[in-house]
Amino acid sequence: MELIPLIIVAAISGGTSLLFAILGGILNEKAGVINLGAEGIMLVGAVMSAVTFLQTNSLIYTFFIVLIVAGILGLLHAFLCITLRVNQIVSGLAITLFGSGLSAYIGKSVAGAPIPVSVPKVEISFIEQIPIIGQVLSSLDIFIWLSIALSIILYIYMYKTSWGLHLKAVGDNPATSDATGISVIKYKYFHVIAGSMLMGLAGFYLIMVYSTSWMEGMTSGKGWIAVALVIFARWNPLLAIFAAYFFGGLDSLGFRMQLFEIPIPSYFLKMVPYIATIIALMIIGWKNRHKPSIEPKSLGIPYTREQRF
Amino acid sequence: MNQNQSFENLSVKSKKNRLVLFKLEYDPHKKSSWWISIVSVFVALILCAIFILINGMNPIEVYTKMFLGAFGSNFGLSETIVKSIPLLLCGLGVAIAYKISIYNIGAEGQFLLGAIGATAVTIFLPNLPGTLYIPIMMIVGIVFGGLWGLFTAIPRTHFQVNELITSLMLNYVALLLLDYFVYGPWRDPAGFNFPGTPEFNDFQLLATVGNSRLHFGLFFALAAVLIFAFLLSKTRWGYELKLLGANPIAAQNAGIQIKKHILLVMLISGGLAGLAGAIEVSGVAGRLMYGISPGYGYTAIIVAWIAKLNPWLMIVASVFIGGLIVGGYSVQTIGLPSSFSEMLQGAILFCLISGEMVSKYRLKKIQA
């Protein structure tokens, strides 16, 4: 393959697991819940994929097991944050800690074992004739298409349906939403669990397509980057695609640069995505310093229904 | 707003067939008792026991192994205390930031920078008078850690970037920086490709107690607790921090400058973690090497939360968690990964925060 399509494909496949996690983060935060458990849920999703696939050899089965397991972690976070009203940040940290420990514990038996998976690619014969775009599109697998489709569906859901409007209302002002008859608790539970499932899929993609063998702590901070990129994507699922591919590109650039023998130690190249995230957020913050923040207004604040007698 | 919110009414028929109403009342100001913490830890142990059972092992055997590994021998005990020193210092750092609602989860990176700073002294100043080494290494460690903390604070104060994100990203940057030094320019040429710097000389090492690995860094940590407790409860500055933590808007109206406080607090927070890093290289490792921290900075968050930010309780909490880590190493002999203790820590944190919340509810009879 030529260089330009190669870079684009690397950016897309590097960014897809991020995209799943960002979409998950958006759903959580739109409902007013910060989910810092992303890293832990991704790790558990990845290890469950590895274990399940090695046992069953079925991609579909693995996919659903990951959804269930990640959903359970989401339920835990939802229960702690929504029903018990604990500090969301501490609950998220606990999930990440628990998840990384649990994943190492489960994954000990499959560590390093190659996962013989072949993820089907979507072949569209007439597009493949187009020079660069054709080469790029023909090398995308079905989960990449799934992630893009999900972004579009979520965009429509959030901005064009009444459920999406309710969701925004719940994230911005739960008390008023409650008064107008929206069941705030149900909305919050549903979106935290669904968002966590997407975070689990991020781990699934990471291990099924990106690195195909389990290693302790293999997400190496992708979950945290995703939490940061939710802000970068301005809580918009379509912008999330660009955010994910941009940082996926930066990430894979670190590897590629070594091939070109650029005299910068690889350690510094690997720092680029992290530093770029901080700088990008600083630029956004500086540009919007006089504007009201667009983040959901009740983000991080547990909702308490007032006395009703 | 009414602070006592009841959100659930339970009606129960009494013996005489009269309706008795109970309400579950939430009181955010109710302090949870100390035994809640102990019950929470037990619940967490039971939860993890289920996972051990699923894995086909005996939880009692695993826990006994962990306990004896951490506290059952002089060696285990001294290892536990050695582990608790960095936890205590980083925990104090996390706690002081949290006092004004700054979530510093970058203690890990600040710790590593402290370790790098202290090692830089041994590499770039090879001909200092011997007695000067330890003080200079400690100071440089504090400064490096503190500056790394400032990198988190400045985006927060001047660019509205959430400190959670910045401090975490900087952890990964610090880790890569450490890898660069120990695999690259600082690698010991006589070290058979071992990813570490040359070993420190005797002047650069902290003295140890007897033959054990227990070192004098313990006194730095205890002194830090003392200073922390004094500053927060006896000084005007501590009072301002308390005010800022309780109600930032009121504090600002009272003329307290939030930005200045955030910068200073993050400098201190990072400095404490940096000191921990400097102590770790000169007290335990004797050189800068790959994997110098098994995640002390993250674990310190749990220490701070278990102790509810109280510096004295933090001594107990850090010894407890230090014991968990050492116990985690000892279960490796029966085929469990040492990160099992991480899972246990996560479960403890879950149970602790939910236990604390549950204890704020009380069932109250409202009508008989």
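Keep in mind that what you see is a predicted model, and the values were worked out from it rather than measured. Chain letters run A, B, ... following the sequence lines, proteins first and then strands; every chain starts at 1.
- Here the side chains of A:L93 and B:I302 are not in contact, with every heavy-atom distance at 4.5 Å or above.
- Across every non-hydrogen atom of B:S354 and A:L84, the tightest pair is CB-CD1, 3.3 Å.
- Of the atoms belonging to B:Y98, it is side-chain heavy atoms, and not backbone ones, that fall under 4.5 Å from chain A.
- The shortest distance between side-chain heavy atoms of A:Y267 and B:Y183 falls below 4.5 Å.
- Rounding to the nearest 0.5 Å gives a distance of 9.5 Å between CH2 of A:W224 and CG of B:N171.
- Looking at heavy atoms from C-beta onward, B:Y103 lies in side-chain contact with A:N87 at the 4.5 angstrom threshold.
- For the residue pair B:Y172 and A:E39, the shortest heavy atom distance occurs at OH-OE2, 3.8 Å.
- With values rounded to the nearest 0.5 angstrom, A:Y274 atom OH is found 6.5 Å from B:L176 atom CG.
- Taking a 6.0 Å sphere around CD of B:Q332, one finds it holds more than 12 heavy atoms contributed by other residues, nucleotides or ligands.
- With a threshold of 4.5 angstrom between heavy atoms, B:L344 does not approach chain A through any atom at all.
- Put simply, CD on B:Q160 and NZ on A:K287 are 14.0 Å apart, with the number rounded to the nearest 0.5 Å.
- Heavy-atom distances place the side chain of B:V161, and not its backbone, under 4.5 Å from chain A.
- With a 4.5 angstrom heavy-atom cutoff, B:I52 touches chain A via backbone and side-chain atoms both.
- Between the CG atom in A:L229 and the CD1 atom in B:I165 there is a gap of 9.0 Å [rounded to 0.5 Å].
- Heavy-atom neighbours of B:F151 CZ from other residues, nucleotides or ligands within 6.0 Å: at or below the threshold of 12.
- Here the straight-line distance linking atom CD1 of A:I279 with atom CE of B:M169 works out to 12.5 Å at 0.5 Å rounding.
- Comparing A:L80, A:I89, A:V227 by heavy-atom pairs within less than 4.5 Å of chain B, the highest count is held by A:I89.
- With a 6.0 Å radius and a threshold of 12 heavy atoms from other residues, nucleotides or ligands, B:I249 has its CD1 atom at or below the threshold.
- Between A:V86 and B:M357 the shortest heavy-atom distance is CG1-CG, 3.4 Å.
- B:F350 and A:F98 have perpendicular rings, their planes meeting at more than 60° on a 0 to 90° scale where under 30° would count as parallel.
- Looking at B:L175, there are no atoms closer than 4.5 Å to chain A (heavy atoms on both sides), in backbone or side chain.
- For B:Y180 and A:F268, the distance between ring centers is under 6.0 angstrom.
- With a 4.5 Å cut-off on side-chain heavy atoms, A:M271 and B:L177 count as touching.
- The shortest heavy-atom contact between A:L97 and B:Q345 is CD2-CB, 3.8 Å.
- By number of non-hydrogen pairs under 4.5 angstrom with chain B, the leading residue of A:S91, A:G285, A:A94 is A:A94.
- Contact of A:E295 with chain B is not made at all, since no heavy-atom distance falls under 4.5 Å.
- Here the side chains of A:K270 and B:D179 are not in contact, with every heavy-atom distance at 4.5 Å or above.
- Distance CG/B:L168 to CD1/A:I225: 10.0 Å, rounded to 0.5 Å.
- Heavy atoms of A:L36 lying under 4.5 Å from chain B belong exclusively to its side chain.
- Here B:T166 is the residue among B:T166, B:I154, B:L170 with the most heavy-atom pairs under 4.5 Å with chain A.
- Residue B:I353 touches chain A through both its backbone and its side chain, counting heavy-atom pairs closer than 4.5 Å.
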